[in-house]
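The sequence lines fix the lettering, A, B, ..., with proteins before strands; numbering per chain opens at 1.
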Number of protein chains: 2
Amino acid sequence: MNGSPSYTIGTPSCAAPVGSGVIPESRRELSLLPVGEPGPQLRADAARNRARLLEAASCMVAEQGAANLTMDAVAAAANVGKGTLFRRFGDRTGLLLALLDHRERQLQAAFLTGPPPLGPEAPAGERLRAFGPAVIRHEHTHDDLYLAARADVTRNYTLAPHRLRLTHVTLLLREAGAGGDTELKAQVLLSYLDPMLVNHLLTRRGMSLERLEAGWYDLVEGLAPGARTA
Amino acid sequence: MNGSPSYTIGTPSCAAPVGSGVIPESRRELSLLPVGEPGPQLRADAARNRARLLEAASCMVAEQGAANLTMDAVAAAANVGKGTLFRRFGDRTGLLLALLDHRERQLQAAFLTGPPPLGPEAPAGERLRAFGPAVIRHEHTHDDLYLAARADVTRNYTLAPHRLRLTHVTLLLREAGAGGDTELKAQVLLSYLDPMLVNHLLTRRGMSLERLEAGWYDLVEGLAPGARTA
DNA sequence: CACCTAAGCGGACCGTGGTCCAGTTCCCCC
DNA sequence: GGGGGAACTGGACCACGGTCCGCTTAGGTG
């Protein structure tokens with residue numbers, strides 16, 4: 001409560017929960033790769049600063065919630081100039097997305113290469129059914145970050161993770177024998193998994209996870225009848 | 001290009017396309033009424049200023065797009081203090097929503113009391129089918145405003161228009177004989193009509209209105225089989 | 001090892017959304 | 001008609017996101 005204007009988080013104690021894999025800046029989101037692959041590797045100092053920024057940001061999110069994260073504070077806590085922060089991540093949303101990235105990768109690994117019923121060894125219908133609950137629970141555990149990143153609404157549908165989910169679901173639908181406009185059906189299914197919607201239904205409306213999951217199974221059955229047995 | 005800092009829109013020529021019906025400020029969005037009813041009427045000068053602000057804002061949106069609307073400019077153009085503007089509408093999103101309000105009312109009138117197949121004289125299945133295209137086209141014609149207002153993601157689901165649509169669709173679903181979790185099904189249907197999604201599919205993905213409408217019919221058929229004939 | 005250049009860096013600066021509070025205006029009640 | 005108090009007004013003020021541009025440094029080249 002003294003006169004000093006900005007709060008300092010001097011070398012916070014929490015460990016950096018973010019891999020040091022090099023993720024590129026702003027516009028690389030358009031990549032088609034699973035999430036956003038390294039690209040041209042950064043100069044040594046740039047990489048170091050990037051890691052520091054991510055660590056600081058991650059720590060501050062854990063402490064005060066994603067909504068209260070300010071760019072100034074992150075830059076200050078990482079002992080790095082604001083310009084550097086913006087150069088690396090483009091904007092606030094970019095930073096949040098970078099924080100989300102490694103968690104996103106875990107989910108992607110689960111449904112691309114993991115064990116059944118999510119992974120490729122299960123029949124398409126089963127995988128489709130399992131996909132919804134997996135995403136719902138994933139988003140539920142990271143919801144403040146998803147919500148904060150979602151603030152930039154215009155970016156949602158062009159993001160790599162979304163596009164990956166879209167093709168994944170579209171393929172599963174076809175494989176499961178769903179007819180009609182499978183791409184649009186996939187969009188519907190993904191809309192049901194929108195972090196905002198999930199959060200609203202769980203938190204604001206007080207619905208249970210089980211109810212949401214049952215809703216997903218209903219939806220799958222409606223859009224791809226008999227998929228379970230395909 | 002001279003030194004004067006802020007652009008002045010001195011008494012713009014376009015007519016005010018917004019009814020002078022008194023709409024309350026920020027928090028009244030929680031109302032359950034069709035949109036957001038008058039409530040306690042404003043003091044004479046407040047009402048006058050409100051109208052001036054709406055007229056100025058509406059005009060500026062028409063001229064330079066909703067995305068470029070700044071609160072300072074609106075207040076200046078209406079010859080009103082910034083504090084007044086914020087007191088009346090709460091925040092930028094509130095102002096945008098107020099602009100959207102009367103257009104929203106038109107749509108609501110169409111599906112609550114209008115002629116078939118949207119209005120109450122048609123069978124539920126028909127109304128449900130007709131609802132989607134009506135909303136899609138409505139949103140498409142006002143999309144920049146919807147997109148700008150949508151920037152505040154956290155508010156979407158608690159807004160009166162959304163809640164009205166939700167109960168409307170839920171009732172139609174039940175009436176049409178859809179079983180299961182009708183409320184959740186209604187949420188799915190409404191998700192499909194999200195302005196962001198509609199805009200993305202139409203603009204970015206280049207889908208046609210017809211395709212989106214066909215997708216809606218598919219969806220209705222999947223969630224309420226045989227509704228058409230109910 | 002010295003140089004050169006492109007990449008990286010940082011913090012002053014700006015515009016905008018949003019807050020605050022002292023002064024003013026309206027309207028109800030006497 | 002006049003007095004009292006609540007509601008409204010307005011613009012100075014603040015915080016935050018984002019930009020800009022001159023300086024620094026990494027790291028390749030002869």
Sugar-phosphate, base or nothing in reach of A:Leu69, heavy atoms under 4.0 Å: sugar-phosphate
Ion pair check, B:Asp91 and B:Arg155, cut-off under 4.0 Å: yes
Atom pair CD (A:Gln64) and CE (A:Met60), whose distance is rounded to the nearest 0.5 Å: 4.5 Å
Whole-Å distance separating the CE atom of B:Met60 from the C1' atom of C:dT16: 13 Å
Shortest non-hydrogen separation from A:Leu193 to A:Ile136 and the atoms involved: CD2-CG1, 3.6 Å
Minimal non-hydrogen separation, A:Thr158 against A:Arg163, with atom names: O-NH1, 2.6 Å
Whole angstrom value for the distance that separates C1' of C:dG10 from CG of A:Asp72: 13 Å
Under 4.0 angstrom between A:Asn49 side-chain N/O and C:dG8 OP1 or OP2: no
By ring pair (Phe, Tyr, Trp, His ring centres under 6.0 Å) - contacts of B:Phe111 (at least two apart): B:Phe131, B:His168
Comparing B:Arg92 and B:Arg48 on DNA chain C - which has the more 5′ nearest nucleotide: B:Arg92
Contact state string [nucleotides 19-25 of chain C, B base, S sugar-phosphate only, - no protein heavy atom under 4.0 Å]: BB----B
Angle of first-five versus last-five pair axes in the helix from C:dC1-D:dG30 to C:dC30-D:dG1, to 10 degrees: 10°
Contact under 4.0 Å: B:Arg88 side-chain N or O vs D:dT9 OP1/OP2: yes
Touch class at under 4.0 angstrom, heavy-atom based, for B:Leu85 against every strand present: nothing
Smallest separation among heavy atoms of B:Arg103 and B:Ser58, with atom names: NH2-OG, 4.5 Å
Inter-residue atom distance B:Asn156.CG - A:His200.NE2, 0.5 Å rounding: 9.5 Å
Atom-to-atom span, CZ of B:Phe89 to P of C:dG17 - whole angstrom: 15 Å
Separation of atom CG in B:Asn79 from atom P in D:dT9, rounded to whole Å: 14 Å
